[in-house]
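Below is one structure, written out as structure tokens; comments come after it.
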Amino acid sequence: MSGFRLPQCGRIDRSRPVSFSFDGTVYQGYAGDTLASALLANGVMLLGRSFKYHRPRGVLGAGSEEPNALVSVTRGPGRFTPNLRATGVEIYGGLTASSQNRWPSLKTDLGAINDRLGMFLPAGFYNKTFMWPRSFWERLYEPAIRRMAGLGEAPTEIDPDHYGATYAHCDLLIVGAGPAGIDAALEASATSKRVILIDEQDEPGGGALADPALWPWLEESLKDLAAAPNITVLSRTTAFGYYHDNFIGAVERLTDHLPHPAAGLREKLWRIRAGEVILAQGAIERPLVFAGNDVPGVMLASAARTFLHRYGVAVGKRVALMAAHDSGWLDIFALARAGVAVAGIIDVRESVAAPLLTEAEQLGLTIHLGHSVIDVHGRLAVKGVTIARNNGAAAARLACDALLMAGGWTPSVHLWSHSKGSLAWRDELGAYVPDRANEQTRCVGACSGKWNFGSGLVLDALPTPRDPARIKAFVDFQNDVTARDIRLAVREGFKSIEHIKRYTTTGMATDQGKTSNLNGLQIASTALGLPVVDIGLTTFRPPYTPQTFGALAGHAKDALFQPTRKTTIDGWAEENGAVFELVAQWRRARYFPKAGEDMHAAVNRECRAVRASVGIFDASTLGKIEVVGPDAAEFLNRMYTNPWKALEPGRCRYGLLLKEDGFITDDGVSARLAPDRFHLTTTTGGAARVLNMMEDYLQTEWPDLNVWLTSTTEQWAVIALQGPLARKLLEPLVSGIDLSEQAFPHMAIREGTICGVPTRLFRVSFTGELGFEINVPAAYGRALWERLMADGAAYDITPYGTETMHVLRAEKGFIIVGQDTDGTVTPYDAGLDWAVGKKKPDFVGKRSLARPDIAAAGRKQLVGLLTDDPADVLEEGAQIVADPAQAIPMTMLGHVTSSYWSETLGRSIAFALVAGGQGRLGETLHIPMPDKVVTAKVSGMVFYDPAGARLNV
Amino acid sequence: MLLIHCPYCDEQRAELEFAYAGEAHIARPDDPAAMSDEDWQYYLFVRANPRGRHHERWRHTHGCGRFFNAVRDTLSDKFEVTYKAGEPRR
Ligand SMILES: [Zn+2]
């Protein structure tokens, strides 16, 4: 180990050495180290390459504000995490980390040519240079830029880790366990409040961890908090977002700091609802803006103190300080007292408080007041700095291997801003501080702008005698934005910081400008000659620091992404080889292939069976609503387009439901069981929507109607028995119902029993054949299905799926709402004029059917399409034109909505929405496809048994 | 996630129990057939979309199922009051 680890200081556990690797080299650190502190202890200053210029970069900060030292950590296959801040990665035995954005190696990176070309890569360079032509973007510019500019690689394998989630409720949530947060928690420990104290670091303490004088207090306080039954302390937990009504999202990291494989959840998402929130997030030190301020070894003064006291690491062997603020003096005094050589204190101010001067003299430190660093020497590490009298010529060159920057402090108002709390500008701080709260919340400690670090001078950039257009003085380290870029943006006419930000990308990196936003504002303010408050402030948005997708997704992935609804007959379908499809959230059998059959063959066989003998179909997913009450018929009469009041008990009716705008939203066959009771059915996907819509009208428009609506979708199993032999199969199993054509005609309902089970038996048909839909209590669904299959063997009973159902209904011209309609189709467009009760004074959507646009000619209307070549099956969604030879872009008349091979007819059939379609019967239209143009004739929509003879048998 | 007071349950519950249901106090006209195209168009499509106090409807979908009215400030996202359907505009 090299000599950067100091013999005594630090909170690391020197009895527990830890081996880890970085870019393939094995190093030693101690338990309690971060990757950054352990590498610095080993004399490794170079940790990464910058985003755009590929400049060598080291560690700038010591916490979550770190913009430079981004690394990737791999924990085995699929467990690769890019863009982690080295200052937040705790080391453990076997940690494998690597640097990013460099090739072939961190020390020799060919991409660094960008740095030499820097003059040619100003703000907006990409926008200006690669504008044209568009195709070059996709093929040339973007791939090249992506190779050269970027952060870590995205992982390519599926994440094998597990993530948890929990809700928590508390009276008081405190974010940040520094001295201010701990004080607030101690105060609350005496109350009966339920308190949660969360902190992003591996141990609570915040700034106190870098101040040994506070360690005894810290230890006592944490003991008291641990003993308080009402206080929960969560470490390694980042509050990443502050949402409405004191709802805070936080992620707790559970295993990333442990040697892998570690058992249990990797991370846990906390959704916390708090009565009151105290934000104690502290403040972040600002870098100073000068040439070379990004050379590895140039870092925040406070970070150097943290590395010293918390990790026992000297960030250099001969350290200089560039200060505009008193706090940096205190930091360099701490280093000096720990035995680190000091190359000098440079302060841009002409005078500083006398006690600082006295202490510096006592420590024997050289002081350069009214001076600034104008250049940093060294490329992969600091070798020295040149300083100059402010705005004067170069005065001296100081040899050093680290340079500390003390540019003042920025309160961490991120979560405060998420909560929509307002901010006030404080000139003397050069920063925004919390002003008026929008939630039950307040800020304490440094994030409220209160601190005891002394005072400083607020400035945009250090004075320099050099040509500001020829130096790289970085503002946003992560996105490689320099002061020159911001000034250029202003010269090019950008006036609002929102625009300057987007043009230069300052503050748009993964750190959201934690160290750069205020410097960027000051530079823009000077360039514009306007006060900072006049150029706006960009908005902080969640997350405070990047979070994993895994934590946000939790268990909501794969099979648990959304629930799969299954009917009580689903198990039979699965055991009998059904191929399934998802409809809304239902898993439905699509077809039942026999050995050697593809979908086409299976569907053809199923279709033939329904037309020739009998088919059986699980229709349980149909939405069902029980409508009950003395005003039930009146209510349905107002909701549906057709008349309902005269419907006799025991009869069914096709109902068409519009929205108030006149467009079809749902349909279904419904039955009147009694004067005050209806059994409604809806489309499979529309059940919840229809119930919501009906409840809306019932509760808010017609509360005088005495009607109750109950969803019964999952109460009934529904088996459709369709085909000429359906009655023969059913008859012996049913009691209490006369199934004869005379006693039980098409579109009727009867109640009785089947196999001893109560049933609501519908005589309805979605296939055009004699058909029944047998409703039984859901639990009996599978038993009845199996009985029908057993008894039906004698009639060649054939189970069929949704694909066959679709073909059969299309042969009969029945539409599927949502497939053949799209929310812009009226009953007239769909050819359903017969379903509109024109004598009814009113129903939902009626007035809209008289709107000029709805009555206008040329609307898209549903029609049938028969291809000239009967073997051509059109593609659903294909566009239709009148003249395929016209110039591109062609005038499109509409599109194909449904298209199938009809086994019954021995040819293809299709529906299409076509402009003025009903006036085009017999017309030939064209469907251009990638390989050919298909021609088809417009036809009616009923392709099979138009007289309905097969129904009434 | 907002906290919403359901005036029927008289409980403050999380937003995920509720569904938004558009602007409030837009009653369906008694006799739509008597309305001009323009008036009907206003009823169907034109909404106030104010900056500030907004009267809106919510449904306690995963609770009591009732529709109710609310006044919410669209700037602060704060609810001023919620009240039952049918009660006068606040
Ligand atoms: Zn409720």
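What's counted below: heavy atoms across the whole structure, side chains too, no hydrogens, waters or symmetry copies. Order of the sequence lines fixes the chain letters, A, B, ..., with proteins taken first and strands second; residue numbering starts at 1 for each chain.
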**Study point:** Interface residue of largest heavy-atom contact number with chain B, from A:Glu701, A:Glu660, A:Arg271, under 4.5 Å
**Key:** A:Glu660
Point to revise | Under 4.5 Å from any heavy atom of chain B - which part of A:Tyr242 | key: neither
**Study point:** More than 12 heavy atoms from other groups under 6.0 Å of OH on B:Tyr20
**Key:** yes
Review point. Which pair of non-hydrogen atoms, one from A:Arg273 and one from B:Ala14, has the smallest distance, and what is that distance?
Key: NH2-CB, 4.1 Å
Exercise for review: Select one option (side chain, backbone, both, neither) describing which atoms of B:Leu3 are under 4.5 Å from chain A's heavy atoms.
Suggested key: both
Review point. Under 6.0 Å from the CD atom of B:Glu87, do we count more than 12 heavy atoms belonging to anything else shown?
Key: yes
Check your understanding: Is the closest basic N to carboxylate O distance between A:Arg847 and B:Asp31 below 4.0 Å?
Key -> no
Practice item. Supply the atom-to-atom distance A:Tyr243 OH to B:Leu2 CG, rounded to the nearest 0.5 angstrom. Key: 13.5 Å
Review point. Should the heavy atoms of other residues, nucleotides or ligands under 6.0 Å from CZ of B:Phe45 be counted, would the total exceed 12?
Key: yes
Revision key, fill the gap. Per-residue tally against chain B (heavy atom, under 4.5 Å) across A:Asp696, A:Thr700, A:Asp661, A:Asn692 peaks at A:Asp696
Exercise for review: May I ask you to test the A:Glu695-B:Arg59 pair for a side-chain heavy-atom distance under 4.5 Å?
Suggested key: yes
Exercise for review: May I ask you to check whether over 12 heavy atoms, not counting those of A:Asp704, lie within 6.0 Å of atom CG?
Suggested key: yes
Review point. Can you say whether B:Arg57 sits under 4.5 Å from chain A via the side chain, the backbone, both, or neither, judging by heavy atoms?
Key: side chain
Check your understanding: Quick one: of A:Glu439, A:Lys659, A:Lys846, who has the most non-hydrogen atom pairs under 4.5 Å with chain B?
Key -> A:Glu439
Check your understanding: Distance-only, no hydrogens or angles: does the A:Arg851 side chain make a donor-acceptor pair with backbone N or O of B:Trp40 under 3.5 Å?
Key -> no
Study note, to complete from the structure: When every non-hydrogen atom of B:Asp37 is compared with those of A:Ala850, the smallest separation belongs to OD1-O, 4.2 Å
Check your understanding: When you look at CZ of A:Arg442, are more than 12 heavy atoms from neighbouring residues, nucleotides or ligands closer to it than 6.0 Å?
Key -> no
Review point. Which of the residues A:Ser848, A:Pro703, A:Pro841 is involved in the greatest number of heavy-atom pairs with chain B at under 4.5 angstrom?
Key: A:Ser848
Review point. Checking heavy atoms, do the side chain of B:Ile4, its backbone, both or neither come under 4.5 Å from chain A?
Key: neither
Practice item. Please state whether the side chain, the backbone, both or neither of B:Phe79 comes within less than 4.5 Å of a heavy atom of chain A. Key: neither
Point to revise | Validation row: A:Lys420, B:Asp77 side chains within 4.5 angstrom (heavy atoms) | key: yes
Check your understanding: Which bit of B:Ala21 comes within less than 4.5 Å of chain A, counting heavy atoms only: side chain, backbone, both or neither?
Key -> neither
Review point. Can you say whether B:Phe68 sits under 4.5 Å from chain A via the side chain, the backbone, both, or neither, judging by heavy atoms?
Key: neither
Review point. Do you know which two heavy atoms are closest between B:Arg28 and A:Asp842, and how far apart they sit?
Key: NH1-OD2, 2.8 Å
